[in-house]
Amino acid sequence: MGLFSGLELNSMSDLFVAQIADLYDAETRLTSALPKMAEAATNPALRKAFQDHLRETEGHVKRLEQIWGLLGSQPSRQTCEAMKGLIAEGDEAINATGDSDVRDAALIAAAQRVEHYEISGYGSARTFAQRIGRTDAARLLNATLDEESAADAKLTQIAESQVNVQAGAR
Ligand SMILES: [Fe+2]
Ligand SMILES: [Fe+2]
């Protein structure tokens, strides 16, 4: 969220809308970043994980658009400075030179920071949705949250079973 950039929060509904606008910006940015992560990955399982999560991320954008519809609003983006920064750090891993396994480990580390950030954001948004009685929105947010957690677990599995084993031998 572009913190304190003219945000007026008088109710939990205001806060919920602001969080959705932040997530919508973050997810939209990720749909551009993930193809580059996939292209940079050398390990085939890692590349596939990024490609699979790109498709899921496109679904996350759609779910947020559904939520805007439920709220009776047009989709709106609030610049997510944190995601901009996380993606910039991911770019450092993408552009790094050196050993391909170590670079893959760096890509995973960058990607897991993103997933944990998303898990945190969706956890809060879901909680706010429940609090204001928007169980319809909460259900959509929970579906995305489950996919973020699964993506994070998949990255851990690829790191521990393959990439870190090879990178650790360097
Ligand atoms: Fe996502
Ligand atoms: Fe994600």
Side-chain angles (χ1 to χ4, degrees), residues 1-3 15-41 43-71 73-94 103-130 134-164:
M1 188 182 305
L3 283 178
L15 177 57
F16 178 65
V17 169
Q19 295 282 321
I20 294 301
D22 178 85
L23 285 167
Y24 189 55
D25 183 77
E27 293 282 21
T28 303
R29 289 176 193 282
L30 285 170
T31 59
S32 308
L34 276 164
K36 292 189 267 176
M37 300 284 277
E39 201 184 324
N43 181 286
L46 180 58
R47 178 172 290 209
K48 183 173 185 304
F50 285 141
Q51 288 166 342
D52 290 348
H53 198 52
L54 169 62
R55 279 189 289 279
E56 289 178 334
T57 297
E58 288 163 351
H60 301 169
V61 170
K62 291 216 171 65
R63 283 199 190 108
L64 290 168
E65 287 169 350
Q66 276 180 266
I67 290 172
W68 285 116
L70 292 171
L71 297 171
S73 309
Q74 288 300 312
S76 151
R77 289 172 65 167
Q78 168 84 26
T79 300
C80 180
E81 298 293 348
M83 189 58 77
K84 276 174 78 175
L86 290 170
I87 289 172
E89 290 198 356
D91 284 339
E92 289 177 11
I94 287 169
R103 292 179 63 246
D104 278 354
L107 290 171
I108 291 173
Q112 288 197 289
R113 281 180 170 82
V114 169
E115 295 315 316
H116 284 231
Y117 181 77
E118 289 187 290
I119 288 165
S120 168
Y122 278 102
S124 297
R126 179 193 56 182
T127 300
F128 298 151
Q130 286 164 341
R134 295 305 314 224
T135 49
D136 46 3
R139 252 195 308 277
L140 290 165
L141 294 165
N142 198 55
T144 295
L145 185 53
D146 284 347
E147 289 176 359
E148 308 295 14
S149 297
D152 180 54
K154 180 78 191 170
L155 290 169
T156 295
Q157 185 250 318
I158 293 169
E160 290 184 350
S161 67
Q162 303 180 40
V163 171
N164 288 0

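Counting from 1, the numbers follow the sequence of the chain as shown. Counting starts at 1 for both ligands and their atoms, in listed order. Only heavy atoms go into these numbers, but all of them, side chains included; no hydrogens, no water, no symmetry mates.
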Do R139 and N142 pass the side chain to side chain contact (heavy atoms under 4.5 Å, CB included) test, and can you show the C-alpha distance, the side-chain angles, and the key distance before you say yes or no? CA-CA 5 Å; R139 252 195 308 277; N142 198 55; 5.7 Å; no
Check side chain to side chain contact (heavy atoms under 4.5 Å, CB included) between E39 and all other residues, then give those that pass, not counting sequence neighbours.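 So E39 forms no side chain to side chain contact (heavy atoms under 4.5 Å, CB included) with any residue.
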Positive for side-chain hydrogen bond (donor to acceptor under 3.5 Å, both in side chains) with Y122, one of H60, E27, Q19: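 For Y122, the side-chain hydrogen bond (donor to acceptor under 3.5 Å, both in side chains) check succeeds only for E27.
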Of all residues at least two apart in sequence or in a different chain, which pass the salt bridge (charged side-chain N to carboxylate O under 4.0 Å, His left out) check with K84?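 Counting only residues at least two positions away or on another chain, K84 forms a salt bridge (charged side-chain N to carboxylate O under 4.0 Å, His left out) with E81.
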What protein N/O/S atoms are there under 2.8 Å from the Fe ion (ligand 1), waters excluded? E27 OE1, E27 OE2, H60 ND1, E118 OE2, E148 OE2
Would you please name every residue forming a side-chain hydrogen bond (donor to acceptor under 3.5 Å, both in side chains) with T156, sequence neighbours left out?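 For T156 the side-chain hydrogen bond (donor to acceptor under 3.5 Å, both in side chains) partners, ignoring immediate neighbours, are Q112.
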Among the N/O/S atoms of E115, the Fe ion (ligand 2) lies closest to OE1
Show your working on side chain to side chain contact (heavy atoms under 4.5 Å, CB included) between L70 and L140 and close with a plain yes or no. CA-CA 11 Å; L70 292 171; L140 290 165; 3.9 Å; yes
